[in-house]
Number of protein chains: 2
Amino acid sequence: MTVKQGATRTRDRKSLERRDQLAESALKTLGEFGYAHTSLRDIAANSEFSHGVVHYYFADKTELITYCVRYYKAQCATRYDAIVASATTAEELRLGFADKLCETLVEDSSMHRLWYDMRTQAMFDPALQPDVLMIDSTLEEMIWRVLSRYAALSGQSLTIDSPTAYAMLDGVFERALLHHLAADGECVEWLRSRALGLLPTLLGA
Amino acid sequence: MTVKQGATRTRDRKSLERRDQLAESALKTLGEFGYAHTSLRDIAANSEFSHGVVHYYFADKTELITYCVRYYKAQCATRYDAIVASATTAEELRLGFADKLCETLVEDSSMHRLWYDMRTQAMFDPALQPDVLMIDSTLEEMIWRVLSRYAALSGQSLTIDSPTAYAMLDGVFERALLHHLAADGECVEWLRSRALGLLPTLLGA
DNA sequence: CTGCGCACTTGACAAATGTCAAGACATACT
DNA sequence: AGTATGTCTTGACATTTGTCAAGTGCGCAG
């Protein structure tokens, strides 16, 4: 009995592991060269397999990309949860959040620019929109958990809504990322000070 | 006497007009398909010329793209200046700015997503960074003119710095654009209400 | 041991793409 | 008129890319 379903393997655990393995190679490559300059051969070259294997596990390039987008989500949506859980004062949460923000800006800069790349691609390709919008919501909720915890620890209430708060913070982070990748050394501290300043601002006026 | 300079024409006015003409076709095409899926032949097909003409006026694809980025700047940096100049009250400026923001979100959505595409490409390609950073500064100044005028008309002072204000507003606009292109009908009014709400917030606490 | 099915490789094909040389066409100058 | 020069087209090239068919090796069931 064949295990194929449509043109791609999806059933057994071995296949899922391979798909994840390829997704990781793809994310690594996409984060390095960007969506526009990454071919399936580049992705395979960054794995331990040959270029044909991609088409064995994925029907086409689009299926690989969308799978990667979904796979990406699992890695990034819990980034601040440890700090939210461990912080006992508003100040501790504020400092920890700003630190983590600056840390991931530097350490995961390739993954972040890939995310902005994919989100922008979704503006052109409707096929990417469902997944991208879902991830954006997940990230928004991640930020909202930080903010509502910060408000609770401060004994204040939030006057801003979740989408707006996320969008503003995201805009600040995207700007910091662009300048960081353009070799602007000051932007890390800029991001830290903006994050530190923004949290109190987002509470009641 | 030949007018060639290096591999491309740059001197006389006729050549500059052709370059602008091609840049317009390129921007139109790029706004439609995105950077990743636009070829020089697509661009030429959207003009009245054949595909070879691109290489007659531009040394290579990179030179065309960077020229387009620069050309783009001239079109967008004065979008709100008329409202800034004509508004006589803070409320008039606030409403006019929000209206213009929503109007351009819908009318110029292809150009906006192209801008976000190019800005993201700059995260991968250092060759684009100087132009992109310069345009970003120009846009930031455009927003700053609105905000400082709004503060003056309100008789209040701005407590936020220019980069942060621009980054936050840009994040809100980018989110609205993504949802607008994903056929979310409510996001225009969402953008309007956020813009209306944000202007007073950006003044003193 | 033998054959079968799965996982993967190899090689190939067609289409797309950046680049560019060669020529056609037009306009201006002598 | 004839020539030269600038402008644009045509066709071609090498390469890249997505796709896929055919084949190889390996483990396992019978």
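In what follows, every chain begins at residue 1, and chains take the letters A, B, ... in the order their sequences are listed.
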Colleague: How long is the line joining CD of B/Glu48 and P of D/dT7, in whole Å?
Modeller: 15 Å
Colleague: Calculate the interatomic distance between A/Arg19 atom CZ and C/dA7 atom C1'; express it in whole Å.
Modeller: 15 Å
Colleague: Expressed in angstrom and rounded to an integer, what is the separation of B/Phe49 atom CZ from C/dC25 atom P?
Modeller: 18 Å
Colleague: Rounding to an integer number of Å, can you tell me how far B/Tyr57 OH sits from C/dT19 P?
Modeller: 18 Å
Colleague: Find every protein N or O atom lying less than 3.5 Å from an N or O atom of nucleotides 18-22 of chain D, and list the pairs.
Modeller:
| from | atom 1 | to | atom 2 | distance (Å) |
| --- | --- | --- | --- | --- |
| D/dG18 | OP1 | A/Lys61 | NZ | 2.7 |
| D/dG18 | OP2 | A/Leu40 | N | 2.7 |
| D/dG18 | N7 | A/Arg41 | NH1 | 2.8 |
| D/dG18 | O6 | A/Arg41 | NH2 | 3.1 |
| D/dT19 | OP2 | A/Lys61 | N | 3.0 |
| D/dT19 | O4 | A/Arg41 | NH2 | 3.4 |
| D/dC20 | OP2 | A/His55 | NE2 | 2.6 |

Colleague: Rounded to whole Å, how long is the line connecting atom CZ of A/Phe58 with atom P of C/dA7?
Modeller: 14 Å
Colleague: I'd like to check the side chain to side chain contact (heavy atoms under 4.5 Å, CB included) partners of A/Leu196; sequence neighbours left out, ordered by chain and number.
Modeller: A/Arg94, A/Leu95, A/Ala98, A/Arg192
Colleague: Ignoring backbone atoms, test whether B/Tyr56 places a side-chain nitrogen or oxygen under 4.0 Å from the OP1 or OP2 oxygen of D/dT7.
Modeller: yes
Colleague: Using whole Å, what does the distance between atom P of nucleotide D/dT17 and atom NE2 of A/His37 come to?
Modeller: 9 Å
Colleague: Please answer whether the main-chain N or O of A/Glu63 pairs with a side-chain N or O of A/Thr66 as donor and acceptor at a distance below 3.5 Å.
Modeller: yes
Colleague: Salt bridge or not between B/Arg113 and B/Glu174? Use side-chain N to carboxylate O under 4.0 Å.
Modeller: no
Colleague: When the ring planes of B/Phe173 and B/Tyr116 are compared, do they come out parallel, tilted or perpendicular, using 30° and 60° as the limits?
Modeller: tilted
Colleague: Using whole Å, what does the distance between atom C1' of nucleotide C/dT17 and atom OH of B/Tyr35 come to?
Modeller: 13 Å
Colleague: Between the main-chain N or O of B/Trp144 and the side-chain N or O of B/Ser148, is there a donor-acceptor pair closer than 3.5 Å?
Modeller: yes
Colleague: Give a yes/no verdict on a cation-pi contact between A/Arg19 and A/Tyr67, requiring under 6.0 Å between NZ or CZ and the six-membered ring centre and an angle within 45° of the axis.
Modeller: yes
